Amino acid sequence: MFLCLRHLVIRRQPYRKFYLSPNNFTSTKFANFPKSNRFQRSPAPSPAARSPTDGHSFQNLSPLGDFVSVSQIKQKLTKCGHIFEEGHACLILDCFLCGQANSKLYINKVTGDFICFICRKSGVWSQLEPHLSAPSDSPISLDQSIELGCSGWYKISKHLCPVGRLTEEERISVSQLLDFEDLPWNILESQGVMFDQENQDLYWPLSLPEGGSTAGYKILSRDLSESCYPHTSANGLVRLKSPGPSKSAIIVPSLRDLLALSFRPLDGTDVVCLPHGPLSLPPLVLPLLEGYEKLTFWFNDDVTSWDNARLFARKLSIDRCHLIRPSKEHVTAFVAHKRGMNIAETVRNARAMSHDSIITFAQLREDLHSELYSADRLTGIKWQRFPTLNSILQGHRRGELTILTGPTGSGKTTFMSEYSLDLAMQKVTTLWGSFEIRNQRLARTMLQQMACAPLQHHRDKFDEWADRFTLLPIYFMTFHGQQQLETVLDTVRHAAYVHDVAHVIIDNVQFMLGMSSSESGFLDRFYRQDALIGEFRNFATTYNCHVTLVIHPRKERDGESLSTNSIFGGAKASQEADNVLIIQHKMSNSGLKIRKYLQVAKNRFSGDLGVIPLEFDKDSLSFGAKNLQ
Ligand SMILES: Nc1ncnc2c1ncn2[C@@H]1O[C@H](COP(=O)(O)OP(=O)(O)OP(=O)(O)O)[C@@H](O)[C@H]1O
C-alpha cells in the first residue's frame, strides 16, 4: 500500500571503493581536486532505486558502476584526445555524444556523472568511459538517457493559460494575492509564466541552457508557498538575464525575490532562483551555474537557509561565493524592494564565504555578528510536538551527534519516527536508515503520526495524507538486516552531497556490528562500535549534518534506570555524543502502570539536563503534543 509514497529510496549497490575524504585530500593523487569538492566518493544507486518523481536527477540515473577520481577522469579524457575545461564543479567538453554545435558535456567532479543538455544524454562515468575512444561516427547508445520534459504535464496544463491572456481584473487579483502591487507583468510574460485558473497558482518554467528547453516548473501558490513540478526532479533554473554578458549572479530562494530584483537590474549580474529554494541544490543544477565567476547568495536569515548557503557554496566552489549575511537590517530581496531600500548597496556589501587558512578576529567578528542576529542558528530548529525538549535541548542543530537508547521494545523507533517527522515537517531534509523494521512499516508509522489518526479507520483519507507526506523531504535507505559500515557510510555521504541531507538516523547501530557472540567476538563488536561512532562523528562534523544513532543498552535489569554508562559498547559512545537521550521506564506508585519518560542525560550545547514524560497515544502512535494536523 505504501508503494505509492513516492519518496526516493536509496539502495546501496556494490562498487569499487574509492575515497576522497578531507583526510586524504593532501595525497598527490588528489592534489588537483578543488578545495570546494572535498567530498568522499559516493555509491551509485541502482535504476531500481529511482522513484517515479526523481527520474531526472544525476543520482537517480546512476546504475551500477565503478568510481574514479577527478584526476583519473582527466587522465582518461586526455588520453582519448578530448580537450576539456576545468569548471568550478564540472569538467566541461564539447559533447562528442551528439556532436551538435555548441553542445557541452558536463562531468561532475565529485560524482563523475555526466549530462549534455542538448542531446539529453546523462548517466554515470562508467557508462561514458567506453565511448571516450569510440570513433565519432560510431553509433553511441547509452543505457540511460533522460527526457527532461514532464510526462504528466498534460494533466495540469488544461487549467493553465499564459499570463498575457489574463484580464485586468485577474491581474489585480493575482497582484493582491502575492502582495506585490507593482508586479512586473512584462517579465512574467517574457518568461512564459502561466496561470492556473483553477488553483490560482503561477507556473514558472525552469529553463535549461543551450537548447532552451523546459526542465519543469516552479510553482508560486496563492498561500505564497513555492514548490516544483515534477516535485523533486525539476532541476532547471529561473533566470533573469541582465542585458549584455554577465559573469556574476545573485541567487535568491523565491520567485518574489527574483521579481523584486528585476526592477533595478545590476550591470552584468543575472538573478537566479533555485528550483528548490534554500532546501536543496541537486547536482544537475551545478552545470547551469558554471559560467559565473561570482555568485552571491541572498537567502533568508532562518537557520536552514543559512546552513544550506554554506553547503551549496561548497558544491559550487566556495571561492566564487559571496553571502549577504543576516544582520539587524537583514530582509529578503522582496522586502528590500517593498521598502525601497538600496539593493545595489546591499549586494555590494555581500562578503566572501571563503576564508584563508589563517584568519583574524576581525574576520570572525562578521560571523559572530550574523550569528547573534539569527538566534535560531545558535539554538537550532524547534520541535512542534516536543516543547519540553526545546526548553532542554534548545533545538535541533546541524553537525551534532545524538544517541538514543532505551530498553528493548520501549518505543525507540516509534519516538525517533515522530521526532524526525516533526523536523522534516519543518523542512529538515532527513535520511532514514531503518535496519530493523522495513521501510513500509516505518513509513506507515510516520504517516499515522503525521495524520494523528489510525490509518485503518480512515482509508478514504489515505491519498490525501499520502500526498501531503510525499512533499516532506524524507529519504529512506533500503538496507535491511546486517550491513557493512562502509557500505552505509558511502550511501550517507552520497545523500549528503546529492540531497543536502541535514539529519541522518541510523536505527540501530547493532546492525553494522556483525553477529558474533563469542567472547572475542564480543570484544570485536565493542571495537567496531567505537570505530562506527568515530566515523559517524566525523561525518556529522565534516558535512555539518546531524546524526542520530539508536543504540541498544548494554544491560537491562528490571526496575533499574539506565544511564549513559548503560549504552552498549565502551565509553566512546557517550563521550563522542553531543546529546544522549534515554527512554526510561518507571513503575507507578501503585505498581500497576509503567510510565515512560525521555531523559536528556547529556547535552553538550547548554548542559541542561532533564526529563520529558512520554504519554503514548495508540491511535496516532504518537508521544508528542496532540491535535497537530
Ligand atoms: N509507550 C508505549 N506504550 C505502548 N506501546 C508502545 C509504546 N511505545 C511504542 N509502542 C509500541 O511498541 C512496539 C515497539 O516499539 P518500537 O519498535 O518503537 O520499540 P523499540 O524500542 O525501537 O524496539 P527494539 O528494542 O526492538 O528496537 C510498537 O508496536 C509501538 O507501536
Side-chain angles (χ1 to χ4, degrees), residues 2 385-386 388-389 402-424 430 432-458 474 476-477 479-483 488 504-513 515 517 525 529 532 547-564 566-569 573 580-588 590-601 611-626:
F2 280 88
R385 295 172 178 233
F386 303 104
T388 323
L389 202 53
T402 294
I403 284 173
L404 172 69
T405 193
T408 305
S410 58
K412 295 183 289 300
T413 304
T414 313
F415 171 75
M416 192 40 61
S417 161
E418 187 175 17
Y419 168 107
S420 63
L421 171 75
D422 186 331
L423 296 169
T430 302
W432 252 95
S434 173
F435 302 89
E436 199 169 55
I437 66 165
R438 296 199 174 276
N439 285 324
Q440 184 170 330
R441 218 184 107 203
L442 175 63
R444 181 184 173 131
T445 302
M446 291 181 116
L447 188 60
Q448 192 152 334
Q449 289 173 333
M450 186 195 77
C452 296
L455 298 184
Q456 63 276 20
H457 298 156
H458 297 84
I474 303 177
F476 300 99
M477 291 186 252
F479 299 123
H480 193 67
Q482 288 293 328
Q483 296 298 332
V488 177
V504 174
I505 299 137
I506 302 292
D507 183 12
N508 60 64
V509 302
Q510 267 77 356
F511 284 89
M512 276 171 272
L513 303 180
M515 304 291 287
S517 58
R525 292 186 82 196
Q529 177 164 311
L532 178 149
V547 175
T548 301
L549 301 177
V550 180
I551 306 185
H552 275 264
R554 192 197 320 216
K555 58 178 190 298
E556 292 174 51
R557 277 193 218 129
D558 283 348
E560 202 176 271
S561 293
L562 300 177
S563 71
T564 48
S566 324
I567 300 169
F568 178 87
V580 176
L581 310 179
I582 306 175
I583 295 183
Q584 304 272 21
H585 286 159
K586 192 177 169 192
M587 212 49 106
S588 66
S590 62
L592 293 175
K593 204 171 169 195
I594 295 174
R595 301 209 87 93
K596 287 187 187 175
Y597 59 96
L598 182 80
Q599 182 188 359
V600 178
V611 295
I612 299 149
L614 294 177
E615 296 293 341
F616 186 66
D617 178 66
K618 211 167 173 194
D619 280 347
S620 59
L621 298 177
S622 167
F623 294 102
K626 305 298 175 293

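From a predicted model like this one, the values you see are computed outputs, not experimental measurements. Counting starts at 1 for both ligands and their atoms, following the listed order. By convention here, the first residue in the shown sequence is residue 1.
Remark: distances from the non-hydrogen atoms of Gly409 to ligand 1 include one below 4.0 Å. Ligand 1 lies within reach of Phe623, whose nearest heavy atom is under 4.0 Å from it. Assignment of Lys618 to the shell around ligand 1 is not supported, since no heavy atom sits closer than 4.0 Å.
For atom 2 (C) of ligand 1, the nearest protein heavy atom lies closer than 4.0 Å.
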Evaluation steps, side-chain contact (heavy atoms from CB on, under 4.5 Å), between Arg595 and Glu615 | CA-CA 8 Å; Arg595 301 209 87 93; Glu615 296 293 341; 3.1 Å; yes
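With Met416 as the fixed residue, the side-chain contact (heavy atoms from CB on, under 4.5 Å) test singles out one of Asp507, Thr445, Thr548: Thr548.
Distance alone, capped at 3.5 Å, places no donor-acceptor pair between the Glu418 side chain and the Ser622 backbone. Panel note: side chain Glu436, backbone Phe511; no donor-acceptor pair is recorded below 3.5 Å.
Across Thr413, Val550, Ile583, heavy-atom proximity to atom 17 (O) of ligand 1 is greatest for Thr413.
Counting heavy atoms from C-beta outward, Leu549 and Asn508 have side chains that stay 4.5 Å or more apart.
The CD1 atom of Ile437 sits 11.5 Å away from atom CZ of Arg444, with the distance rounded to the nearest 0.5 Å.
Residue contact check: His552 has heavy atoms under 4.0 Å from atoms 24 (P), 25 (O), 27 (O) of ligand 1. Taking every heavy atom of Lys596 and a limit of under 4.0 angstrom, the matching atoms of ligand 1 come to 1 (N), 2 (C), 7 (C), 8 (N). Close approach to Thr414 involves these atoms of ligand 1, each under 4.0 Å from a residue heavy atom: 9 (C), 15 (O), 16 (P), 18 (O), 30 (C). Interface atoms of ligand 1 facing Lys412, defined by a heavy-atom separation under 4.0 Å, are 18 (O), 19 (O), 20 (P), 21 (O), 22 (O), 24 (P), 25 (O), 27 (O). Counting the atoms of ligand 1 from 1 in the order shown, those under 4.0 Å from a heavy atom of Thr408 are 25 (O).
Taking the six-membered ring where tryptophan is involved, the planes of Phe479 and Phe435 are essentially parallel, since the angle between them stays under 30° and well short of 60°.
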